[in-house]
A.B. asks: 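Below you will find the structure I want to go over with you.
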Amino acid sequence: LEAHCTAAANTNPEQASLALDKNQATRWSTARPQQSGDNFEIQCGEAISLVRIVLALGKSEADFPRGIRIEGRNTRGDWATLFEQKNWSG
């Protein structure tokens, strides 16, 4: 991300910023088996054009989200689901 963005999570929040540090040796993890309701959020201080999202797993090949929903806000501030896949297999 080229914009100033921050990361937050409802599980293991103190390590959320590791997902954005551009270092594949570090990462954010729930630090336990994934559960329904686990949430990871990226907030950017400005509007960005999102073309793709890459989940670089590095050495943690089996540690991918089992379900994923990507949401964004339009210029009016309304939330919309941009992509959703339940029972995702990576």
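Small disclaimer: the values here were computed from a predicted structure and weren't measured.
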A.B. asks: For the CD atom on Glu41, are there more than 12 heavy atoms of other groups (residues, nucleotides or ligands in this structure) within a distance under 6.0 Å?
C.D. replies: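 Counting neighbours around CD of Glu41, more than 12 heavy atoms of other residues, nucleotides or ligands fall under 6.0 Å, so yes.
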A.B. asks: If you take all heavy atoms of Ala7 and Ala16, which pair is closest and at what distance?
C.D. replies: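 Scanning both residues completely, I find the closest heavy atoms to be CB-O, 3.4 Å.
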A.B. asks: Using a strict 4.0 Å threshold on nitrogen-to-oxygen distance, state whether Asp38 and Arg32 make a salt bridge.
C.D. replies: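 Salt bridge present between Asp38 and Arg32.
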A.B. asks: Just wondering, do Thr6 and Ile42 contact through their side chains at under 4.5 Å, heavy atoms?
C.D. replies: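 Result no, sub-4.5 Å side-chain heavy-atom pair not found.
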A.B. asks: Taking all atoms of both residues into account, what is the closest heavy-atom pair of Asn12 and Ser29, and its distance?
C.D. replies: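 Taking Asn12 first and Ser29 second, the nearest heavy atoms are ND2-O, 2.8 Å.
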A.B. asks: Closest approach of Arg69 and Glu84, non-hydrogen atoms and distance?
C.D. replies: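 Scanning both residues, the minimum pair turns out to be NH1-OE2, 3.6 Å.
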A.B. asks: Can you tell me how far CD of Gln15 sits from CG of Asp21, rounded to the nearest 0.5 angstrom?
C.D. replies: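 It comes to 10.5 Å.
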A.B. asks: Got a sec, which pairs hit ring-ring contact (aromatic ring centres under 6.0 Å, His included) with one end in residues 10-35, sequence neighbours left out?
C.D. replies: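 Residue pairs passing ring-ring contact (aromatic ring centres under 6.0 Å, His included), neighbours aside: Trp28-Phe40.
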A.B. asks: Between NE2 of His4 and CG of Leu20, what distance do you get to the nearest 0.5 Å?
C.D. replies: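 The distance works out to 10.0 Å.
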A.B. asks: Could you work out, with salt bridge (charged side-chain N to carboxylate O under 4.0 Å, His left out) as the rule, every residue matching Arg73, not counting sequence neighbours?
C.D. replies: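 Applying salt bridge (charged side-chain N to carboxylate O under 4.0 Å, His left out) to Arg73 gives none.
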A.B. asks: Quick one: does Asn39's side chain have a donor or acceptor within less than 3.5 Å of a partner on Ala9's backbone?
C.D. replies: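 Between the backbone of Ala9 and the side chain of Asn39 there is no qualifying donor-acceptor contact (under 3.5 Å).
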A.B. asks: Indicate the atoms forming the closest heavy-atom contact of Arg27 with Leu18, along with that distance.
C.D. replies: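 Smallest heavy-atom distance, with atoms named: O-CD1, 3.4 Å.
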A.B. asks: Between Ile53 and Ile70, what is the shortest heavy-atom contact and its length?
C.D. replies: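 Looks like CD1-CD1, 3.4 Å.
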A.B. asks: On a heavy-atom basis, which atom in Asn10 and which in Gly37 lie closest, and how many Å separate them?
C.D. replies: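 Heavy atoms of Asn10 and Gly37 come nearest at ND2-O, 2.8 Å.
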